[in-house]
Number of protein chains: 2
Amino acid sequence: MTARPKVPPGKRTNDPEGLRKRVLDVAEACFQARGYHASSLGDLMAAAGVTGGALHHHFPTKKALALAVIEERVAAAVEETWIAPVRAAGSAREAVRGVFEAVATELEQQGFVRGCPLNNLAHELSLADPDFRAALAGIFSAWRQAIADKVTADQHEGREQATDPQRFAALAVATYSGAMSIAKTMQDAGVLRDCLNALEQGASSASSSKGEAGTKRRRRVLRQYGTS
Amino acid sequence: MTARPKVPPGKRTNDPEGLRKRVLDVAEACFQARGYHASSLGDLMAAAGVTGGALHHHFPTKKALALAVIEERVAAAVEETWIAPVRAAGSAREAVRGVFEAVATELEQQGFVRGCPLNNLAHELSLADPDFRAALAGIFSAWRQAIADKVTADQHEGREQATDPQRFAALAVATYSGAMSIAKTMQDAGVLRDCLNALEQGASSASSSKGEAGTKRRRRVLRQYGTS
DNA sequence: TTTAAAACAGGATGACTGTCCTGTTTTGGA
DNA sequence: TCCAAAACAGGACAGTCATCCTGTTTTAAA
């Protein structure tokens, strides 16, 4: 699948950054789809088109590779999916709604659910190694803090006076994480919308539309498993 | 030649049910603490004190063993922790609060967080095998349905008229799952209380206590990793 | 007691995995 | 041009793993 440079015998081009990027791309996708322990370095080498020597040169151990994936890729994914949109949104509540809806729509278009990159690795690795746990915990903290900061900013503008920033942020992160977990297992992204609606119903006044509302639940059968 | 068969002086007593139970006990704990792929059958055999032949007799493959753990142990854990308390509670909201607080207290007493049995395995195995996914999805469904049924029962008694049962249930399950995921990674059960408070603040009227309130956040450093 | 099946013991096996090692090629600075 | 370090190639290696196999013991029914 991945384009592999042909090998005219005798000629070689060193591209350490490109090779490193290719390895991280493959590792990120493979760890995400199959998990850390189920992904062998042989699989990764084949998929990335790199040799054992090259892989070992950039990442001495499998743990080092996973740590790089966490710190560079997973953190970036959370930044892109959550933190940046939260900062750009008009309010914390709008941000939460926006991300939930955007992710739900994206998953419905894809037709299958791979799960949340952070939570996928967090479950498998948090108890396996203190370094893994520390790296993953840092991402959770930054994610939660970004939301809490947004609530605090809202409060400076006179809104959300009765909202505890830390608690609101915890609820948003937990609900999203859990909803993605359920969506992955059920292979149905609808639970994201269910959670969002329940969240907003509880916060705002009673909804005028009930039962017959615009969002109709839709069952989705997975097409296939992760063929990346 | 006095070909005397070596007689290991111990006599053997067949106890298929007991042996099976021991294996499941060990497998449940080990899958929970280290995950499925990180748990080798050799470890399990040693921990349970069974031989390879005995293990293979009861569980022909590792997958069969994991499936038994999911269907018998994980399902039972969800039943005990959530479904039974929900049925016994006075209302759905009381049930949710009760379980959150009970689990948070239990984790704080233990001093470390192993995570939710269902979510731990769901993340690692949902995409690995259709049989795993089906078994895990069934448990999620039963969990959610038990809460939704409770909301419906509340509605028959005149309460929760503005609450959508399925959505409320989805939110409860997702928030708990996500909170346990965060708690496991941070090794801090406080997020469970944060989520519960945010959940109830959104539903009930504004909380009078703010900031200085009775529940003070407490940082917990993990004592040790799972030494089962 | 006889007998067949279940329960258990314990090792063989072959495939796989992560790491390391030695050697070769490329690169950038002096 | 020269050279040291970085970048890469490719295989060796020692374990580990899940499964399977043959053989023995126990159990319960006949």
Side-chain angles (χ1 to χ4, degrees), chain A residues 2-27 30-31 33-69 124-125 128-129 131-132, chain B residues 3-27 30-31 34-69 124-125 128-129 131-132:
Chain A
T2 311
R4 190 172 0 174
K6 290 300 178 185
V7 50
K11 271 293 188 205
R12 199 184 75 197
T13 316
N14 284 1
D15 181 19
E17 295 170 10
L19 189 145
R20 189 186 139 93
K21 180 186 181 306
R22 254 187 304 154
V23 171
L24 283 177
D25 287 344
V26 167
C30 203
F31 289 166
R34 301 178 225 175
Y36 173 79
H37 286 103
S39 302
S40 77
L41 293 183
D43 293 340
L44 301 182
M45 283 161 49
V50 302
T51 64
L55 178 60
H56 183 261
H57 178 74
H58 290 273
F59 305 100
T61 64
K62 191 182 182 184
K63 171 181 171 178
L65 173 58
L67 228 34
V69 168
E124 190 178 2
L125 301 179
D129 187 288
D131 295 328
F132 284 148
Chain B
R4 188 101 54 93
K6 320 184 170 28
V7 178
K11 254 191 294 185
R12 176 157 64 88
T13 316
N14 284 1
D15 181 20
E17 295 170 11
L19 190 145
R20 188 186 140 93
K21 179 185 182 305
R22 256 187 301 152
V23 171
L24 283 177
D25 286 343
V26 167
C30 202
F31 289 165
R34 302 178 224 175
Y36 173 79
H37 286 103
S39 302
S40 78
L41 293 183
D43 294 340
L44 301 182
M45 284 161 49
V50 302
T51 63
L55 178 60
H56 181 263
H57 178 73
H58 288 274
F59 305 100
T61 65
K62 191 181 182 185
K63 172 180 170 178
L65 173 58
L67 227 34
V69 168
E124 190 178 2
L125 300 180
D129 187 288
D131 295 327
F132 285 148

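Values in this document were obtained by computation on a predicted structure and should not be read as measured data.
- Contact check for Val26(A) versus Arg22(A): no side-chain heavy atoms found under the 4.5 Å cut-off.
- When all heavy atoms of Met45(A) and Thr51(A) are compared, the closest pair comes out as CE-C, 3.9 Å.
- Less than 4.0 Å separates DNA chain C from at least one heavy atom of each of the following residues of residues 56-66 of chain B: His57(B), His58(B).
- Annotation for Ala68(A) and Phe59(A): closest pair CB-CE2, 3.8 Å, computed over non-hydrogen atoms.
- Between Glu124(B) and Phe132(B) there is no side-chain heavy-atom pair separated by less than 4.5 Å.
- Between the side chain of Arg12(A) and the base of dT25(C), at least one donor-acceptor pair of N or O atoms lies under 3.5 Å.
- Taking 4.0 Å as the cut-off between side-chain N and carboxylate O, Arg34(A) and Asp43(A) count as a salt-bridged pair.
- Of the residues in residues 36-47 of chain B, not one places a heavy atom less than 4.0 Å from an atom of DNA chain C.
- Atom CG of Asn14(A) is separated from atom P of dA4(D) by 19 Å (rounded to the nearest Å).
- Considering all non-hydrogen atoms of both residues, Ser39(A) and Lys62(A) come closest at O-NZ, 2.8 Å.
- Rounding to whole angstrom units, CG of residue Leu55(B) and C1' of dT19(D) are separated by 11 Å.
- Taking the side chain as every heavy atom from C-beta outward, Leu41(B) and Leu65(B) approach each other to under 4.5 Å.
- Between His58(A) and Val23(A) there is no side-chain heavy-atom pair separated by less than 4.5 Å.
- dT27(C) atom P lies 10 Å from atom CG of Asp15(A), rounded to whole Å.
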